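Only one structure is covered here, and it is reproduced in the block below.
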Amino acid sequence: MTWLLNSPLQNLPMILADNGFDVWIANTRGTRFCRKHVSLDSAQPEFWNWSWDELVSFDLPAVFDFVFNQTQQKIHYIGHSLGTLIGLASFSEGHQADTLKSAAFLSPIAYLSHMNTALGMVAAKAFVGEITTWFGVAEFNPKGQKASAFLKRLCNYPGVDCYDLLTAITGKNCCLNFSTVDLFIKNEPQSTATKNMVHLAQTVRDGVIAKYNYGRPDYNRMHYGEAKPPVYNISAIPRNLPIFISYGGQDALSDVKDVLLLLDSLKFHDEDKLMVQFIKDYAHADFIMGTNAKDIVYNQVLRFFKNQQ
């Protein structure tokens with residue numbers, strides 16, 4: 001739904017569709033459109049026993065397989081925020097080797113150690129520090145009672161200003177329309193697994209893109225056969241895969257220093273296959289809801305995809 005907050009002439013899926021692309025939009029499990037399961041109910045803790053590792057290893061490959069079986073055509077992938085993290089990690093593991101044509105990453109979050117939102121940093125520390133408290137709550141519903149109380153407590157920390165919650169999380173966006181922000185707040189954020197929040201917090205704290213850390217060497221050995229969680233090797237993404245990366249100078253989640261770490265991981269990528277766009281005034285939400293995103297970002301994405309045809 002996030003992709004469709006702007007008007008039809010201003011959102012990326014509609015622009016791509018108007019230009020002849022067959023557009024498929026995936027939902028992340030746990031959101032209101034993705035709460036069905038063959039055997040589990042969303043009220044059961046087992047339904048929420050996943051982190052972004054499962055999105056990398058199971059969900060994204062399943063989406064690719066479904067679309068490819070329907071169309072018999074290789075796929076251009078677009079991710080924003082968490083969608084970039086699962087894309088980068090999944091492609092580095094070679095899951096979509098036969099079905100991926102190119103990839104566009106908007107406001108990429110991969111490395112998160114330089115994330116500089118006061119609220120985000122406090123939240124990351126709290127999710128790692130209060131792991132036992134939170135494990136009693138399998139679903140993290142940002143609009144639920146427990147999560148609201150948790151957020152309220154975080155907002156009382158020194159230096160955290162939640163008066164403008166969107167800015168407190170994403171950084172100072174330059175180009176948002178108030179009516180679109182209202183629409184965003186009515187519909188977002190959606191539920192996710194508490195385990196997923198803990199995994200993201202680990203990514204912030206540890207400064208590496210690694211699988212979920214179960215907190216004890218014996219637990220990690222049980223899952224991975226080693227004491228520490230394996231690291232996703234981003235430089236293993238095929239060097240000839242056409243990649244477009246667009247990032248912003250005001251983005252507090254996808255901080256410039258972290259994007260540069262990502263680009264360093266891609267330093268051996270074929271030069272003519274990597275296109276990078278830097279937008280000085282953009283923050284995290286501008287890439288999805290910016291009033292000028294069509295002119296600045298989406299037209300570039302469109303041109304990039306057309307060049308791969």
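Quick caveat, the model's predicted, so the values are computed rather than measured.
Taking the side-chain hydrogen bond (donor to acceptor under 3.5 Å, both in side chains) definition, one finds that D18 meets it with nothing, sequence neighbours left out. Residues forming a side-chain hydrogen bond (donor to acceptor under 3.5 Å, both in side chains) with N292 (at least two apart in sequence, or on another chain): Y282. Residues forming a side-chain hydrogen bond (donor to acceptor under 3.5 Å, both in side chains) with N177 (at least two apart in sequence, or on another chain): S179. With sequence neighbours left out, Y232 forms a ring-ring contact (aromatic ring centres under 6.0 Å, His included) with W52. F184 is linked by a ring-ring contact (aromatic ring centres under 6.0 Å, His included) to nothing, counting only residues two or more places apart in sequence or in another chain. For S246, the side chain to side chain contact (heavy atoms under 4.5 Å, CB included) partners are L106, F244, Q277, I279, F287, V297, not counting sequence neighbours. Applying the side chain to side chain contact (heavy atoms under 4.5 Å, CB included) criterion to S90, with sequence neighbours excluded, gives V56, L60, P61, H95, Q96. Under the ring-ring contact (aromatic ring centres under 6.0 Å, His included) criterion, H223 pairs with Y214, not counting sequence neighbours. The side chain to side chain contact (heavy atoms under 4.5 Å, CB included) search around N240 returns P238, D270, not counting sequence neighbours. Looking at residues two or more places apart in sequence or on another chain, you find no side-chain hydrogen bond (donor to acceptor under 3.5 Å, both in side chains) involving K273.
In the hydrophobic clustering, M1 connects to F33, either directly or through intervening members, whenever side-chain heavy atoms lie under 4.5 Å apart.
Annotation: salt bridge (charged side-chain N to carboxylate O under 4.0 Å, His left out) contacts involving residues 244-261, sequence neighbours excluded, are absent.
No donor-acceptor pair under 3.5 Å is formed between the side chain of Q300 and the backbone N or O of I296.
Residues K228 and N220 bring no donor and acceptor atom of their side chains to less than 3.5 Å of each other.
The CG atom of D22 sits 11.0 Å away from the NE2 atom of H76 when rounded to the nearest 0.5 Å.
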